2 protein chains.
Amino acid sequence: MALVVQKYGGSSVSDAESIKRVAKRIAEAKRAGNDVVVVVSAMGDTTDELIDLAQQVTPLPPQREMDILLTAGERISMSLLAMAITNLGVKAKSFTGQQAGVITDAVHGKARIVDVVPTRVRETLDKGQVAIVAGFQGVTQSTNDVTTLGRGGSDTTAVALAAGLGADVCEIYTDVDGVFTADPRIVPSARKIDSITYEEMLEMAASGAKVLALRCVEYGRRYGVPIHVRSSFSGTEGTFVRADAYTAPRPGSPTSTADLPEETVMEDPIISGVAHDRSEAKITVVGVPDVPGTAARIFEVVAGSGVNIDMIVQNVSAARTGLTDISFSLPEGDGPAAMSALSALQAEIGFDSLQFDDQIGKLSLVGAGMKSHPGVSAKLFGALRDAGINIEMISTSEIRISVVTREDSLDEAVRAVHTAFELDADGEAVVYAGTGR
Amino acid sequence: MALVVQKYGGSSVSDAESIKRVAKRIAEAKRAGNDVVVVVSAMGDTTDELIDLAQQVTPLPPQREMDILLTAGERISMSLLAMAITNLGVKAKSFTGQQAGVITDAVHGKARIVDVVPTRVRETLDKGQVAIVAGFQGVTQSTNDVTTLGRGGSDTTAVALAAGLGADVCEIYTDVDGVFTADPRIVPSARKIDSITYEEMLEMAASGAKVLALRCVEYGRRYGVPIHVRSSFSGTEGTFVRADAYTAPRPGSPTSTADLPEETVMEDPIISGVAHDRSEAKITVVGVPDVPGTAARIFEVVAGSGVNIDMIVQNVSAARTGLTDISFSLPEGDGPAAMSALSALQAEIGFDSLQFDDQIGKLSLVGAGMKSHPGVSAKLFGALRDAGINIEMISTSEIRISVVTREDSLDEAVRAVHTAFELDADGEAVVYAGTGR
């Protein structure tokens, strides 16, 4: 008997019918002999509707009240799901983040989980019942105030609960079959990845792969929780995210990774996949005097405006003028803040002008194998050259190479690289409707 | 400076616009120098929509989950209201029943408040902020489970909080100007009652007056909380419900009854008002053998089926047959339960048949003054006789006389009695749209 934590997102519980379908799936997992804990998001568009209501009332809602408002969403979905499961003859009880012991810091709107004390969830399991827990929410220990976890919150709730309960696996149900070697909407021949390490998944998520939230993977890695990303529309196995990716799951035990055989596959794949990201922009500071300390001052000011910088490129200084250009990429939404912070600095630094470019795309090649395989970047650059695609910026980590291209050539770049690294499958990937978040 | 508890029902906060309007009213009360605690119901039809969702998922929702579902409604309204007040420059914080310390028993769906420990509400007031509290909900002390209070729950939350905080007054905002001498939709010349005792208000509420829930008045009487029923659409004073009704409120202190002058008005009114009720039905057990113990057995069985009996009439036994008829009134919805319980008893008792009649109406004349004024019932019966209205059942208490008539003559009966007791005002009463509950 395994202890399984299952997480269902808003699109899986968008109406009464889909709630009943999910309830059936949960009841089956329970009847198969597992202890089952379910983490659920708010139904469909509920969260957006609540945000809209708040904006009708005030342009600047206090974040504490916003959290109380938004947590109403999971309250509705979790109680309906518990009712639907009970209706199938399996006893189920729902719990708010507070009742489930999800303790967070007091940063409303993007609280971080500081502890999980799932006493009531454990009691419910001990009685042979299914425990339904509201995703995305917690409670502060000091003030007993309700908090929300921000983006990817429900995934993180699920993994944190799995860690707190010592679950055998945390199943994240979504509307795709798992993690793919590239976005199947761009690369129809993308393959589902059977298994991937936390580190690779982190790089994929940070590079634009949307199937799992970064913080959820981070949490899973820290506490060693095996994560199984799979479809809520089919029964097929999805992608396992875990410390040692290249062990084969035991046949007939799709939901448990306990007691897995220890031997690993002889030849690890070099590359896990190709991620892409259209959400970044590029700012170029033109005509910067090439004297020591100027770049430091620029990034000091940008960081001071609360902007996260991704990649940086500095041109070689033109000997004739003693001036250089500095470019950096950043989330598109941070553009205005960065531009106005830099603008205020123009007199002090004496640069010529600022350029803002949101027509960029980022491609990232991720794979733990590239550490020990030379020539990966050469092959990447060659593939892009052969496809006639210009590289504007480059950054690398131990297991990732990222390049910035024009946004309108990004799709072609992803396909070219996917093919060059022999990631293409024979058939086409199965893609389901919906957004999966 | 007074401590005021204000309660707004669902129709007062049905959309963003009305929430903003209520927020303005609350901010004004705060700026006038009062400490303000607000109890709020779920927005408009939210509760009905949630019930509908539950019924789509299962025909028999577990009551614990139903309570979690329904309490999402006040979570939404209370946080939006706190946002709207904050937007007006007055700090406000919202609290769930649990956070506000509303402790109940564990009877899900119709829990009773067993204690109120409003520590956080008090702290909020001490900081000079407005506290918004979710009506209709509480939490069990033993299991920390969410409960709902059932019908009239938000009114009861407000009065219980007022008692727990030692508030000067509990203002119940509704869509009428206060408590009237009769329903103004039936009696256009009905007058607003300025002041009424708890006992009279209890009799009015029990007799069909819908403006205040019975249990809220009971709670107010037990803890001596002055209740002010008033319109959320106008600024005029409504009806004060308190122990000594006939003291004049101190001028310029409309929301406080502390330090009221002690002298009472010399001549108390005899009659407070005429209530009516269409929600009852009558069951007649025909041909009951007139032997000792039969009636007791009948009402034992009816009570055992969970039915509340209101009035009882037993005919004089016909000497020729030794048989009698027994009639009693009960809430219409309890009809099926009572009928089937009695039906099962037919062989044992040996009565002829059962008759069910839902075409009855009940008129109740309420007034503390009738205790010391003889001839009130004679005057009542005379007025009905003059109007040609037949009386089917009668029951009395110290401060109430109720009669059952045909339902289709009830309106005329109310008007005739209202006039006979000189309750008619000169002009017409102002009635606002909406249901007020």
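All figures in this text were calculated on a predicted structure; none of them were measured in a lab. By convention in this document, chain letters (A, B, ...) are assigned in the order of the sequence lines, proteins followed by strands, and residues within each chain are numbered from 1.
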Between [options], the one whose heavy-atom pairs under 4.5 Å with chain A are most numerous:
options: B:Thr86, B:Leu81, B:Thr96, B:Ile76; answer: B:Ile76
options: B:Ala54, B:Ala92, B:Gly73; answer: B:Ala54
options: B:Lys20, B:Glu17, B:Glu65; answer: B:Glu65
options: B:Leu60, B:Ile19, B:Thr71; answer: B:Thr71
options: B:Thr58, B:Leu70, B:Ile132; answer: B:Thr58

Chain B contact via [X] - which portion, at a heavy-atom distance below 4.5 Å:
X: A:Ala23; result: neither
X: A:Ser77; result: neither
X: A:Met66; result: both
X: A:Asp145; result: both
X: A:Gln98; result: side chain
X: A:Leu53; result: both
X: A:Gln56; result: both

Quick one: does A:Asp105's side chain have a donor or acceptor within less than 3.5 Å of a partner on A:Arg112's backbone?
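Here the side-chain-to-backbone pair exists.
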
With a 3.5 Å distance limit and no angle check, can you tell me whether A:Asp15 reaches the backbone of A:Ser18 through a side-chain donor-acceptor pair?
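Side chain of A:Asp15 to backbone of A:Ser18, a donor-acceptor pair under 3.5 Å: yes, one is there.
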
Mind ranking A:Ala16, A:Pro59, A:Ala82 by heavy-atom pairs under 4.5 Å with chain B and telling me who comes out on top?
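Winner by heavy-atom pair count: A:Ala16.
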
Look at A:Met78, A:Gln99, A:Arg120 and state which one has the largest set of heavy-atom pairs under 4.5 Å with chain B.
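Highest number of pairs under 4.5 Å: A:Arg120.
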
If you count every heavy atom of other residues, nucleotides or ligands that lies below 6.0 Å from B:Gln141 atom CD, does the total exceed 12?
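It does not: B:Gln141 CD has 12 such atoms or fewer within range.
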
For B:Arg31, look at atom CZ and say whether over 12 heavy atoms of other residues, nucleotides or ligands are found less than 6.0 Å away.
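Buried by this count: over 12 neighbours within 6.0 Å.
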
Using a strict cut-off of less than 4.0 Å between a Lys/Arg side-chain nitrogen and an Asp/Glu carboxylate oxygen, indicate whether B:Asp35 and B:Lys30 qualify as a salt bridge.
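Salt bridge between B:Asp35 and B:Lys30, a charged N being under 4.0 Å from a carboxylate O: yes.
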
Is it true that A:Glu171 and A:Arg230 make a salt bridge, defined as a side-chain N closer than 4.0 Å to a carboxylate O?
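A salt bridge links A:Glu171 with A:Arg230.
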
Chain A contact via B:Leu80 - which portion, at a heavy-atom distance below 4.5 Å
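Both parts, backbone and side chain.
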
Does the Lys NZ or Arg CZ of B:Arg64 fall within the cation-pi geometry relative to A:Phe95 - under 6.0 Å from the ring centre and within 45° of the axis?
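Yes; both conditions hold, so B:Arg64 lies above the ring face of A:Phe95.
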
Measure from NZ or CZ of B:Arg25 to the centre of the six-membered ring of B:Tyr8 and say whether it is under 6.0 Å with the direction within 45° of the ring axis.
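Ring-cation test returns no.
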
B:Val133 vs B:Val38 side-chain heavy atoms within contact, under 4.5 Å:
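Contact flag for B:Val133/B:Val38 side chains = no.
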
Rounded distance [0.5 Å steps], OG1 in B:Thr156 versus CZ in B:Phe136
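Interatomic distance, B:Thr156 OG1 to B:Phe136 CZ, rounded to 0.5 Å: 10.5 Å.
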
